[in-house]
Number of protein chains: 2
Amino acid sequence: MRRDIFQAIADPTRRAIVTLLMTQALTPNTLAERFDTTRQAVSKHIKVLQECGLVAGEQLGREIYYKIVPMKLKEVADWLEPFRQMWEDNFNRIDDLLEQIKNKEL
Amino acid sequence: MRRDIFQAIADPTRRAIVTLLMTQALTPNTLAERFDTTRQAVSKHIKVLQECGLVAGEQLGREIYYKIVPMKLKEVADWLEPFRQMWEDNFNRIDDLLEQIKNKEL
DNA sequence: ATAATTTGCAACCGATCAGTTGCAAATATA
DNA sequence: TATATTTGCAACTGATCGGTTGCAAATTAT
């Protein structure tokens, strides 16, 4: 079973869960109330998020408060970083390279 | 059919393709040579990447050079940005909030 | 002790996904 | 013109995904 951070945040519901957990730790029941779905569906999403290390649960009596592990998202940011220079540059290198190929053909 | 940038970069092969396209525009055939898979499989990945706007093709004769559209990745970076403060902060707010809940219970 | 609450796990279902195979269209080469 | 190359599209397959239902375990409340 593939369980990496990229696959974890691919699902919009999971991203919404992560966003909710940004401000406070929540229980599965509380989370489920925010979405038009069952608690079990939310629980399965939590399991995915937990297995990839993006959230962590902390038991308090019979309730489990799930909190975000923000550092995990840094892996995505690190992967994006090399591309940042590309979208921040005014000129587009790929276009230039393509132009070079074109000119070579002529 | 879901076709957003998050789902596009969820697949490791597609991320590898995007990384290869970072330095130069490539044709489907050239790309396929780099992976242990068929050209058609790569073509399907390209289609997904193209449909979500992460790559764009430019025809040169019978060949099509696919190039990356880096700006599209900014959408992911923008989603990550609010979390950046969290992983850069030394203290963890969620832990604090959880402590508050705990103390309230006592 | 009994009942209610909160949660995780397993089984199942329909939809989607990644990959393969086969084929047709367009372009380049002989 | 005939052949080879490059590509996209459609059909198919096995695997995975998101969601639901049912149930058992642990904790809390009556």
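In the text below, chain A, chain B and the rest are named by the order of the sequence lines, each starting its count at 1. Every value quoted in this text rests on a predicted model; they were computed, and no experiment measured them.
- Note: CG (A:L31) to P (D:dG19) measures 14 Å, nearest angstrom.
- Per the geometry, CD1 belonging to A:I17 stands 13 Å off C1' belonging to D:dG19, to the nearest Å.
- The phosphate of D:dT6 (OP1 or OP2) has no side-chain N or O of B:Q59 nearer than 4.0 angstrom.
- Contact annotation: B:N29 does not reach the phosphate of D:dT5 (side-chain N/O to OP1 or OP2, under 4.0 Å).
- Residues B:Q7 and B:R14 meet the side-chain proximity criterion, which asks for heavy atoms closer than 4.5 Å.
- A:F35 has its CZ atom 13 Å from the P atom of D:dT20, to the nearest Å.
- B:E51 has its CD atom 12 Å from the P atom of C:dA18, to the nearest Å.
- Taking a 4.0 Å limit (strictly below) on heavy-atom distances, residues 36-49 of chain B reaches DNA chain D at B:R39, B:Q40, B:S43, B:K47.
- Closest to the A:Q7 side chain, of the nucleotides D:dT7, C:dT6, D:dC17, is D:dC17.
- Rounding to the nearest 0.5 Å gives a distance of 11.0 Å between CG of B:L80 and CH2 of A:W79.
- Annotation for A:F83 and B:P70: closest pair O-CB, 4.4 Å, computed over non-hydrogen atoms.
- For the atom pair OH (B:Y66) and CG (B:L26), the distance works out to 12.0 Å, reported to the nearest 0.5 Å.
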Identify each donor-acceptor pair in which a side-chain atom of residues 27-43 of chain A lies under 3.5 Å from a protein atom, sequence neighbours left out, and give them as a table.
unit_1: A:T27; atom_1: OG1; unit_2: A:T30; atom_2: N; d: 3.2
unit_1: A:T27; atom_1: OG1; unit_2: A:T30; atom_2: OG1; d: 2.5
unit_1: A:T38; atom_1: OG1; unit_2: A:A41; atom_2: N; d: 3.3

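- Within the 4.5 Å cutoff, no side-chain heavy atoms of B:L21 are placed close to those of B:L49.
- In this structure, the separation between CD on B:E75 and CG on B:L54 is 9.5 Å, given to the nearest 0.5 Å.
- To the nearest angstrom, P of C:dC17 lies 10 Å from CG of B:D4.
- Between the OH atom of B:Y65 and the C1' atom of D:dT7 there is a distance of 13 Å, rounded to whole Å.
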Problem - Chi angles and distances behind the side-chain contact (heavy atoms from CB on, under 4.5 Å) call for A:I64, A:I46 - result: CA-CA 11 Å; A:I64 302 182; A:I46 291 174; over 6 Å; no
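- Here C:dT27 is the nucleotide among C:dT27, C:dC17, D:dT7 with the atom lying nearest to any side-chain atom of B:R62.
- D:dA4 atom C1' lies 14 Å from atom CD of B:E63, rounded to whole Å.
- For A:Q50 (side chain) and A:C52 (main-chain N/O), no donor-acceptor pair under 3.5 Å exists by modelled atom type.
- Residue A:T27 has no polar side-chain atom (N or O) positioned under 4.0 Å from OP1 or OP2 of C:dT6.
- The end-to-end axis angle of the helix from C:dA1-D:dT30 to C:dA30-D:dT1, rounded to 10 degrees and based on five pairs per end, is 20°.
- For the pair A:I64 CD1 and D:dT27 P, the interatomic distance rounds to 10 Å; values are reported in whole Å.
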